[in-house]
Asks: 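Quick one: this structure, given as structure tokens, is what I'll be asking you about.
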Amino acid sequence: MAVDRLLPTEESTDLLDLVRDLCEHELAPYAAKAEESEAFPREAFRTLGKAGLLGLPYPEQYGGADQPYEVYLQMLEEIAAAWMSVGVGLSVHTMTSYAVATRGTEEQRARFLPDMIGGELLGAYALSEPQAGSDISSMTTKAVRDGDEYVLTGTKSWITHGSHADFYTTFARTSADPKHGISAFHVPATSAGLSFGAPERKMGLTGSTTTLVNFDQVRVPADHLIGAEGDGMRIALSALDSGRLGIAACAVGLAQAALDCAASYALERKQFGHAIADFQGMQFLLADMAAAVESARATYLQAARRRDLGRSFTQQAAIAKLVCTDAAMKVTTDAVQVLGGYGYTRDFPAERYMREAKVTQIFEGTNQIQRLVISRDLLRSVR
Amino acid sequence: MKIVVCAKFVPDATADRRFRSEDNTVDRAGVDGLLSELDEYAVEAALTVKENGDAEVTVLTVGPEQAADAVKKGLQMGADAGVHVIDDAIHGSDAVATSLILAKALSKLEADLVVFGMGSTDGGMGVVPAMVAERLGLPAVTLGSEVTVDGTTVKIRRDGDLASDTVEGTLPLVLSVSDQANEPRYPSFKGIMAAKKKPVETWSLADLELSGDQVGQAAAWTEVVEVTARPPRTAGTIVADEDGSGAAQLVEFLSTNKFL
């Protein structure tokens, strides 16, 4: 079922038509097979790039589409509903451009952004490390200035698009200061000394490649430092606020896909002489799923509108991430229940949706971290 | 070169489609509609010619207010300008009247190359390109599954059941392309934004020196006298193999229904 969306402009409505067209013809038909065979959908990202969809929230002068988050996130939701790995990938890619777009110099923006957001390049976000997940400050990857270059050494983990990306927005330590010792770098994939671990064998999002990324004396020109030395933590945390909204929208798309799958199955499946959708027990289950999807969507849109108005949205983004991903877990699990035995098989997409939902509660800040963010903001405002 | 693509706004085949009860014409106003998918091939063919040479592409449509969406889609794909012929008197026009309106508009546009899709996804007659060519006194090369334009020469390949033939004509001419001719491009965000600034003219019948009694339902050569909705699909036949006779029953069913 197409979601009846409230969009602010004619151009965003046209954009939605284009996104739906692409989802229906270029993404959805290929998702199940690619996920089953763990094939990375590089071509799908090229298709999105050709259509100008890899930089939706960024300025038009650099090749973006200048869309408010309210619009970008709804497009992202549509794409995630068609193919979660591509939705998550687009969210990650959008975050990779954030550092240059918001903290880069004018010269860096003009040089890097057109290819990053207006072309067909794909980005990766190299922040996490084996021992620095939720606790970014324990990062050990180092960047040492050497003449006109920085030399990066260390290992990043859980990197979405690892080995497929064209550039890595990388965070590394330029001093020992726990909070002000981290800096951000634009690292082209062609840099010598970059290597990758074997793809992680994941429970879901199997089409999306996740690897370790090793930096062995990787040299980047000094003008690839984004922002000032020591700005990295602030850039990373601020990018995460927006990235969380992206994941929230993807989770809602996934939940919507699961709900659509369950509702159409319930109308077709007959037991005791009736479609199972005729039974109130099933109707209540579907109603709860629909309520979870709709309220989750409203939650991320509220945070997006705050962002678009320039208001603080850190707490709202954390709430959206928590609410939307928990909703996705619940709705996809219930979708498997609606499909019964068939839901447990790989012949129907419900079990895949359920596997894909789980990681949304973990990445871009675990839902426990979201609760920390929410309570910290809450108590600060009460004190 | 001036290329004009004749494009039709049709009810979305994947949504609810119906006839108006008062006059048995297709309901075009109260349903979701879009640029006929078969006409996307015509737009693509025109844009390809443009990319390979110097040409201007205009999308021409005849239809109610919502038909502006068909023009808009063509502009988003990359056409340069649009013309929308709209007039209450056009409602209910048959293919003959449609070809009259299009021919008048095409003369006014001074088209060198007129491109059609192979048919509409609603009416599905596929006769309008030939009718328009006849009215304009132009050659018609129709149902091209491969098109090459070299200078003023248009060459197409027509794929038939038994053979393929290559047909050639000289501009000005009327061309129609099949759904094998190309892979229509998607619009892009840039295309969507650019389309908003492209010129679209709205013409009435008077602008084409036509009067209301030459077109519309009253002037139609045929009339739909009755419309009956297709009956809902009935439950299928289930052959249960309880005593080993299932295969025989299946064969019997298939042969009785002439599937074998």
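We name chains A, B, ... by the order of the sequence lines, and we start the count at 1 in each one.
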Asks: Is the CG atom of A:L6 crowded by more than 12 outside heavy atoms at less than 6.0 Å?
Replies: no
Asks: Heavy-atom distances under 4.5 Å only: say whether A:L22 touches chain B with side chain, backbone, both or neither.
Replies: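 Both parts, backbone and side chain.
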Asks: How many angstroms lie between OG in B:S188 and CG in A:L18, if you round to the nearest 0.5 Å?
Replies: 7.5 Å
Asks: If you count heavy atoms of other groups shown closer than 6.0 angstrom to CG of B:D150, is the number above 12?
Replies: no
Asks: Show your working on side-chain contact (heavy atoms from CB on, under 4.5 Å) between A:E26 and B:Y186 and close with a plain yes or no.
Replies: CA-CA 11 Å; A:E26 305 295 330; B:Y186 289 98; 2.7 Å; yes
Asks: Counting heavy-atom pairs under 4.5 Å with chain A, which one of B:R185, B:K72, B:K73 comes out on top?
Replies: B:K72
Asks: Taking side chain as C-beta onward, heavy atoms only, is A:E60 less than 4.5 Å from B:M193?
Replies: yes
Asks: Taking side chain to side chain donor-acceptor pair (under 3.5 Å) as the definition, give me every residue that meets it alongside B:K198, ordered by chain and number, with sequence neighbours left out.
Replies: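 Expected list: none.
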Asks: Would you name the heavy atoms of B:P187 and A:A51 that are closest together and state the gap between them?
Replies: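 Where B:P187 meets A:A51 most closely, the heavy atoms are O-CB, 4.2 Å.
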Asks: In terms of heavy-atom contacts, does CD of B:E37 have more than 12 from other residues, nucleotides or ligands at under 6.0 Å?
Replies: no
Asks: Let's test your reading of the structure: which of B:I192, B:D69, B:L34 forms the most heavy-atom pairs below 4.5 Å with chain A?
Replies: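 Top count of heavy-atom pairs under 4.5 Å with chain A: B:I192.
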Asks: Counting only heavy atoms closer than 4.5 Å, note whether A:L15 contacts chain B via side chain, backbone, both or neither.
Replies: both
Asks: Is atom OH of A:Y342 surrounded by more than 12 heavy atoms (other residues, nucleotides or ligands) closer than 6.0 Å?
Replies: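 No, not enclosed.
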Asks: Go through A:G118, A:G63, A:A65 and name the one with the most non-hydrogen pairs under 4.5 angstrom from chain B.
Replies: A:A65
Asks: Heavy-atom count around A:E294 CD within 6.0 Å, excluding the residue itself: above 12?
Replies: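 Result for CD/A:E294: open.
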Asks: Heavy-atom count around B:E65 CD within 6.0 Å, excluding the residue itself: above 12?
Replies: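 Not buried by this count: 12 neighbours or fewer within 6.0 Å.
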